[in-house]
Amino acid sequence: PEVQSRAQAALLALQIDDEEASKYIWELPRQKQLMVALAAAVASRPKVLILDEVCDMLDASGLALVHRTIQSITSRGGAVLSVDNAIDRQTQWSNRLGIREDGRLSAISATEEAIANPVVLDRLWPLQAVSPTTDRPKINSRREPAMAVAELSFGYEDGAFIFEDAEFELGPGEVLGIAGQNGSGK
């Protein structure tokens with residue numbers, strides 16, 4: 001009963017009506033498929049939610065729903081790791097920003113610091129404007145990490161590394177955005 005009620009609440013929050021919820025997922029439009037998948041993840045009340053390029057096919061209303069979902073998770077002490085190449089979205093939604101470049105996580109800093117570094121932004125996203133915002137969660141300065149990653153590497157059998165030696169912590173209530181251009185190993 002509790003799991004079913006949480007699932008229904010998550011579907012409702014992501015604007016999936018009863019008719020849509022009764023269909024097979026492949027019968028839904030792509031945006032609704034993404035919302036159903038997000039609802040399934042959120043219904044389990046994860047301590048950490050990992051979003052990988054989830055917003056690419058969403059319209060403005062879908063983006064707003066994802067943003068509200070992130071805010072809901074962080075407000076209850078959950079954490080979000082968001083991997084996306086849209087720097088504007090990452091700087092608006094994340095309180096810390098990690099930059100992926102040449103298969104390495106080259107920097108993790110408060111989002112405000114990353115925005116203030118024109119060399120980083122010009123080199124990685126020369127064609128995207130960055131809008132300052134105050135709508136992101138505050139950094140939880142000293143906390144027990146919700147997730148800690150050390151020495152994480154991934155490569156192909158031919159020896160080509162996609163990324164190597166990634167290391168970071170994600171605290172309760174935080175959103176860490178990992179950003180980089182396509183092909184950077186996000």
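Keep in mind that this is a model prediction, so the values were computed, not measured. Values reported hereafter were calculated over all heavy atoms of this structure, with side chains retained and with hydrogens, waters and symmetry mates removed.
Contact annotation: the side chain of Lys32 never approaches that of Ile25 to less than 4.5 Å [non-hydrogen atoms, C-beta and beyond]. For the pair Glu169 and Leu176, the minimum side-chain heavy-atom distance is 4.5 Å or more. In this structure, Leu51 and Leu38 have side chains that are in contact, with non-hydrogen atoms separated by less than 4.5 Å. For the pair Trp93 and Val80, the minimum side-chain heavy-atom distance is 4.5 Å or more.
Counting heavy-atom neighbours within 6.0 Å of Glu151 CD, excluding the residue itself, gives a total of 12 or less. Taking a 6.0 Å sphere around CG of Asp17, one finds it holds more than 12 heavy atoms contributed by other residues, nucleotides or ligands.
Nearest heavy atom pair, residue Ala79 against residue Leu170, reads CB-CG, 3.6 Å. The minimum heavy-atom distance between Asp59 and Gly62, with the atom names listed, is OD1-N, 2.9 Å. Nearest heavy atoms, Ser61 versus Gln31: OG-NE2, 3.8 Å.
With hydrogens and angles disregarded, a donor-acceptor distance shorter than 3.5 Å links the side chain of Thr74 to the backbone of Gln71. The backbone N or O of Leu65 sits less than 3.5 Å from a side-chain atom of Thr69, completing a donor-acceptor pair.
Rounded to the nearest 0.5 Å, atoms CG (Leu81) and OG (Ser94) are 9.0 Å apart. For the atom pair NZ of Lys47 and CZ of Arg76, the computed distance is 10.5 Å after rounding to the nearest 0.5 Å. Note that the OG atom of Ser72 and the CZ atom of Arg45 stand 9.5 Å from one another [nearest 0.5 Å]. Note: Met35 CE to Leu28 CG = 11.5 Å, rounded to the nearest 0.5 Å.
Side-chain N/O atoms of Ser82 and Asp84 include no donor and acceptor closer than 3.5 Å.
Taking the six-membered ring where tryptophan is involved, the planes of Tyr24 and Trp26 are essentially parallel, since the angle between them stays under 30° and well short of 60°.
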